[in-house]
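Encoded as structure tokens, the structure appears first; notes follow it.
This structure is a prediction, so every number in the text was calculated from the model and none was measured. A note on names: the letters A, B, ... follow the listed sequences, proteins ahead of strands, and every chain is numbered from 1.
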2 protein chains.
Amino acid sequence: MPLPKTEIPGRLQQLMSERGVRMTEQRRAILSVIETAKKHLDASQILRRAQRVDESVDRSTVYRTLNLLKRHGLIDELDLMHLGGEGHYYERKMSRDHIHMACLRCGKITEFESELFESLKDQMESECRFKIVVARLEIGGYCTVCRK
Amino acid sequence: MPLPKTEIPGRLQQLMSERGVRMTEQRRAILSVIETAKKHLDASQILRRAQRVDESVDRSTVYRTLNLLKRHGLIDELDLMHLGGEGHYYERKMSRDHIHMACLRCGKITEFESELFESLKDQMESECRFKIVVARLEIGGYCTVCRK
DNA sequence: TTAAGTGCAAATATTTTGCTGTCAC
DNA sequence: GTGACAGCAAAATATTTGCACTTAA
């Protein structure tokens, strides 16, 4: 017999609880959508998916929850070169920053991690005496297939 | 006696003409605003300033011109961590990419260039076989003054 | 001349907010 | 019990588009 949903919190839900954030059915639905997403989702996609878990979730609750997660530094907000409209895309913040490369022709998003990126951030922190909280590197160009 | 405006084209105007883009009073006004801006401007600010040069400039013409400049790769579009709303900021594309650091406390924008950034892009191009057209690195954090 | 560009108004898209009722703790 | 959160509707903000008129080349 499966455990009730409230007893299998994902990592995001756990982190929020640790910070004393009140957990609701709606937030649980939204967090699980973000947690299990295999691609970058925008607010409307998150809304639609969250409603499949909890019918009652409202668009404004999605935005309020996204803002909450941003403030807590638990998600990253991306533009992905606005390949699909003017809105933003969201993803769980990973321990190590990664770079997003968007193909301007086929729309494919490639992710990339690099030690050089880490060094660059170190350089900025020391040379500019700037304390980095969030770093976002987005690239537009042509992928392996489309550059030919 | 000063030359008429049409005879002192800025660099942007020159680049557009070279590409066979038709030049109008309105575009000249918008281009000169972008060209001479000392800080990053959003669409509304560009509109307001362009109207000081040519009263008739319409908001939609500003957006159409910004899209044109983006397509030609002559301007960069920035979020600047959305410190002042959900819109975008624009600036002339410089020969060398620069990084934007936005202070989450005082809002100050610091620009930074780095050889390491150039190396990182080289690495992406070779390791991912990705042809970079536009690169945008934006940082949020605390500046020298505010980090104290 | 004429294809491209413009203003205007309206549509669309995205995000926020005020309010009142509800629920997690 | 009560302060934080929810839905709902409306507002606010940001950007695009259709159309008839104008203009650069």
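- C:dA10 atom P lies 13 Å from atom CG of B:Asp58, rounded to whole Å.
- Per the geometry, CD belonging to A:Gln45 stands 14 Å off C1' belonging to C:dA13, to the nearest Å.
- Nearer the 5' end of DNA chain D, as judged by each residue's closest nucleotide, is the contact made by B:Gly84, out of B:Gly84 and B:Ser60.
- The residue B:Ser56 sits close only to the backbone: its heavy atoms come under 4.0 Å of sugar-phosphate atoms, none of a base.
- Backbone-only engagement by B:Asn67 is indicated by non-hydrogen atom pairs under 4.0 Å involving sugar-phosphate atoms exclusively.
- Between the CD atom of A:Glu55 and the C1' atom of D:dA6 there is a distance of 15 Å, given to the nearest Å.
- Side-chain nitrogen and oxygen atoms of A:Gln26 include none within less than 4.0 Å of the OP1 or OP2 phosphate oxygen of D:dC5.
- For A:Glu91 and A:His40, the side-chain atoms include at least one donor-acceptor pair closer than 3.5 Å.
- The side chain of B:Tyr63 contributes no N or O atom lying less than 4.0 Å from OP1 or OP2 of D:dT16.
- Scanning all heavy atoms of the two residues, the minimum distance from A:Val21 to A:His72 falls at CG2-NE2, 3.8 Å.
- For A:Met16 and D:dA4, the CE to P distance is 15 Å, given to the nearest whole Å.
- Closest to the side chain of A:Glu86, out of D:dC8, C:dT14, C:dC23, is C:dT14.
- For C:dT6, the OP1/OP2 oxygens have a side-chain nitrogen or oxygen of B:Thr24 closer than 4.0 Å.
- Less than 6.0 angstrom separates the ring centroid of B:His82 from the ring centroid of A:His88.
- When rounded to the nearest whole Å, the span between CG of B:Leu68 and P of C:dG5 equals 7 Å.
- As judged by a 4.0 angstrom heavy-atom cut-off over every strand, A:Arg27 is placed among residues touching the sugar-phosphate backbone only.
- Here the side chain of A:Arg59 is nearest to one of C:dA4, C:dT15, D:dA9, namely C:dT15.
- Taking the side chain of A:Thr61 as heavy atoms from C-beta on, and the options C:dA9, D:dA4, D:dG7, the nearest nucleotide is D:dG7.
- Atoms CD (A:Glu25) and P (D:dG7) sit 11 Å apart, rounded to a whole Å.
- Looking at B:Asp79, its side chain never comes within 3.5 Å of a backbone N or O of B:Met81 through a donor-acceptor pair.
- For A:Arg64, the listed nucleotide lying nearest its side chain is C:dG18; candidates were C:dG18, C:dT14, C:dA9.
- B:Asp42 and B:Ser44 share no donor-acceptor pair across their side chains, judged by distance under 3.5 Å alone.
- Atom CG of A:Asp54 and atom C1' of C:dC23 are 13 Å apart (whole Å).
- Rounding to whole angstrom units, NE2 of residue B:His82 and P of D:dA14 are separated by 10 Å.
- In the set C:dA4, D:dC5, D:dT15, D:dT15 carries the atom at the smallest distance from any side-chain atom of B:Ala43.
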